[in-house]
Amino acid sequence: MTNRDIIRAFKLTASLLELHAANPFKIRSYQNAALNLERLEQPLLGMTPDEVAGLEGIGKGMAERIARLEETESFPELDELLTQTPPGVVKMLSLKGLGPKKVRTLWQSLKVESEQALLEACENDQVAALKGFGKKTQESIRESILFSMRNAGKLHLSAAEALAEQVRQLLLDTGAVQRVEIAGQTRRKLEIVDQLELLAAIEQPSVLWKALENHVMLAKDESASGPFVWRGHLTEADVPVAILTCRPEEFAGEWLLLSSADAHLQWAAASGHALVSVARNGAFASEEAIYQEAALPAFPPELREGMLEAQVLEQGEVPRLLEMADLKGILHNHSTYSDGKHTLEEMARYCQELGYQYLGISDHSKTAAYAGGLQEFRVQQQHEEIDRLNKTLAPFKILKGIESDILGDGSLDYADDVLASFDFVVASVHSNLGMDQAHATDRLLRAIENPYTTMLGHPTGRLLLRREGYPLDFRRIIDACAEHNVIIEINANPWRLDLDWRWVPYALEKGVLISINPDAHEKAGYADMYYGVCMGRKGGLTADKTFNAWPLDKVETWLQKRRSKA
DNA sequence: GCCGTTTTCGGCCCGACTGTTTTCAGTCG
């Protein structure tokens, strides 16, 4: 059990207690324990019972529950609550717009015990008739359920890569295959993956199938499988898996085909290149050799989406896409000044250790009270600490930033003189996420027009597989960023990956700079930049158009010039 | 249930917003 698992168990317990109308302060204590554990750096596993009980928000009782969680992955109160609650009702708790109180009403009054039953109740107008509910609430619940059903069994790229690698390892461990590689959506680095695909080079597939029988991780679907293909799902994650096989000499061709969107192959055919038949009918050492034979530039898997191919062909070669090694600094990060886990100094030193030249710290602004957003005097304190640290860390540098909330009317939540005290301002929406396209677009446009806005943070507010972002007129947003010289971030958190990569080409066309920002709330969060780089590559992003791939002096000059205009 | 004490019980993180109300509960970040 990791800290995260324990936090999840406490949050679930709090929700279930609320669902069962328990003492509100008992509920609060679970929430409070979870909240405090979120701020904890060191793993609970391995701490002594006394140390655990000494933590903020953790008393004797919570310490015992943590011990039970580590032993049995649960504890009696949670077990009891779960037996009293139908699984479908527990699932309802994670629907957007539904909290424990509303779920309780639905469960008690309408006797609905599954998402399906709730959906039917919405469609029969039963929900709107309940006290405290209405037409709008009913419609938003209906949409939430449909969203949840659409996304069942899908994975974030981060999870897909980890699981696909596990499957790859277990196939290698059988000793039956010569080579196994990840293919499909995972290899193309799509932000959401609905099937894991792997390709194995093997002369006798039946040997492999034999080795996979009764494997704990894989459940075979006999009717969908065949002599050369294994189909089924992961036992734990309920994700579809396809293991395809080919003869070793066919590997490059099959891998290419399996790692391309249909639109890519169709584009090749439509533009008069026999890519598919070349790949199918010949032994090649590599995918590059196949592209060459088909008289095409060697498209990396990220670009095989049927989107940028024509542009690449016109230019005659694939641009050198952004790589992790190109990044020189890390912007948009949080520290313990707001809701981060590590101190400013820890964040800075770790960033320096990783070999970066600069760190942009941008804690939450004062409106984000839930996240400990910075009042003006805290901004001042942080700037003084940054000045001190910069003296000892030089030539490494901490840039003074803020993640300023974009309020409902599009204004930022500090006075101009405070905004002027930062090296850079990331403007982001965190509240009032349900606006329609016209209002949401106007709101962002106003924030972009603010002369102190350096960078637009996670433009749509989406959480992949969890909630849709608000709708935006992206052309107008990107046009405005071009006009006002505002950078757009690709928020690299695998749950966000926002700006969507499909809009990167238009941003590049308009000359808008992109920044790959991890939105790190702890040191380990820097690693997420990898996913941001994946998204940038899918959109054809290169190092020269990536703000944080610029060296410190160039970044500082750019920021200073921009601020002097403000 | 936890905490901080005025050691034996009272107080507990917060502001905005939405949709429902007709003054506010529930949800969210």
Side-chain angles (χ1 to χ4, degrees), chain A residues 9-11 13-39 52-66 68 75-78 81 92-106 127-144 334 338-340 363-375 403-411 413 428-436 439-440 443 457-458 460-463 466-470 491 493 495-496 519 521:
Chain A
F10 282 173
K11 283 185 175 171
T13 308
S15 293
L16 290 171
L17 283 170
E18 203 169 351
L19 182 69
H20 289 276
N23 179 338
F25 295 111
K26 191 171 176 177
I27 297 165
R28 177 80 48 83
S29 75
Y30 279 98
Q31 290 169 335
N32 195 36
L35 196 68
N36 281 294
L37 291 179
E38 276 176 346
R39 302 228 168 108
V52 175
L55 295 169
E56 183 98 357
I58 308 291
K60 205 161 154 258
M62 290 294 173
E64 275 169 26
R65 289 181 187 90
I66 290 171
R68 285 298 287 268
F75 55 89
E77 290 90 337
L78 178 54
L81 285 163
M92 284 179 209
L93 289 168
S94 53
L95 290 172
K96 183 171 74 86
L98 280 188
K101 297 258 173 66
K102 282 213 162 83
V103 172
R104 178 179 166 82
T105 306
L106 292 165
V127 173
L130 290 173
K131 187 174 163 57
F133 292 73
K135 281 271 178 202
K136 283 192 176 176
T137 306
Q138 175 172 275
E139 183 52 24
S140 94
I141 292 172
R142 200 181 76 89
E143 280 174 10
S144 276
H334 299 264
S338 63
D339 59 348
D363 273 304
H364 286 286
S365 60
K366 64 179 177 183
T367 307
Y370 62 91
L374 271 54
Q375 297 293 331
E403 183 178 18
S404 185
D405 263 39
I406 301 174
L407 304 180
D409 64 357
S411 60
D413 62 341
S428 309
V429 167
H430 288 109
S431 58
N432 197 354
L433 302 165
M435 283 189 183
D436 61 37
H439 287 99
R443 179 192 201 181
H458 45 68
T460 74
R462 74 181 184 186
L463 289 178
R466 172 73 60 78
R467 70 164 186 239
E468 216 100 48
Y470 35 82
N491 189 296
N493 185 308
W495 285 75
R496 293 191 183 271
D519 200 353
H521 285 69

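Convention: sequence-line order gives letters A, B, ...; per-chain numbering from 1. This structure is a prediction, so every number in the text was calculated from the model and none was measured.
Taken from CG in L78(A) to OG1 in T13(A), the straight-line distance is 4.0 Å, to the nearest 0.5 Å.
The side chain to side chain contact (heavy atoms under 4.5 Å, CB included) check on H20(A) picks up L81(A), Q84(A), T85(A), W107(A), with sequence neighbours excluded. For E38(A), the side chain to side chain contact (heavy atoms under 4.5 Å, CB included) test picks out I7(A), K11(A), L35(A), with sequence neighbours left out. Scored by the side chain to side chain donor-acceptor pair (under 3.5 Å) test, T367(A) finds D413(A) as partners (sequence neighbours excluded). For R496(A), there are no side chain to side chain donor-acceptor pair (under 3.5 Å) partners two or more places apart in sequence or in a different chain. Not counting sequence neighbours, the partners of R462(A) by the side chain to side chain donor-acceptor pair (under 3.5 Å) test are D500(A). Take E143(A) and apply the side chain to side chain donor-acceptor pair (under 3.5 Å) test, not counting sequence neighbours, and it matches no residue.
One can place CG of L16(A) at 16 Å from C1' of dG1(B), the figure rounded to the nearest angstrom. Rounded to a whole Å, the CD1 atom of I27(A) is 15 Å from the C1' atom of dC2(B). The CG atom of L17(A) sits 15 Å away from the C1' atom of dC2(B) (whole-angstrom rounding).
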So which protein nitrogen or oxygen atoms get under 3.5 Å of nucleotides 25-28 of chain B's nitrogens or oxygens?
residue, atom, partner, partner atom, Å
dG26(B), OP2, K101(A), NZ, 3.4
dT27(B), OP1, G99(A), N, 2.5
dT27(B), OP1, G99(A), O, 2.9
dT27(B), OP1, K102(A), N, 3.0
dT27(B), OP2, K101(A), N, 3.4
dT27(B), O5', G99(A), N, 3.3
dC28(B), OP1, G97(A), N, 2.6

Would you list the atom pairs, donor with acceptor, under 3.5 Å between side chains in residues 94-101 of chain A and any protein atom, with sequence neighbours excluded?
residue, atom, partner, partner atom, Å
S94(A), OG, K91(A), O, 2.8

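Shown here, dT8(B) forms no base pair; nothing in the strands shown gives a Watson-Crick or G-U wobble contact with both key distances under 3.5 Å.
When the P atom is used for both dC17(B) and dC12(B), the distance is 25 Å, rounded to whole Å. Straight-line distance between the C1' atoms of dA25(B) and dT21(B): roughly 10 Å, to the nearest whole Å. For the C1' atoms, the distance from dG11(B) to dT6(B) is 14 Å, rounded to whole Å. The gap from the C1' atom of dC28(B) to that of dC13(B) amounts to 14 Å, rounded to the nearest Å. A gap of 10 Å separates the C1' atoms of dG26(B) and dT20(B), to the nearest Å.
Mapping K26(A) and A368(A) onto DNA chain B by nearest heavy atom places K26(A) closer to the 5' end of the strand.
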Discussion item. Each nucleotide in nucleotides 7-23 of chain B should get exactly one letter: B, S or -. Can you fill that in based on protein heavy atoms under 4.0 Å?
Written reply: -----BB---SSSSS--
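Syn is the glycosidic conformation of dT7(B), whose angle stays within 90° of 0.
More than 12 heavy atoms of other residues, nucleotides or ligands lie within 6.0 Å of CD in E139(A), so this atom counts as buried by the packing criterion.
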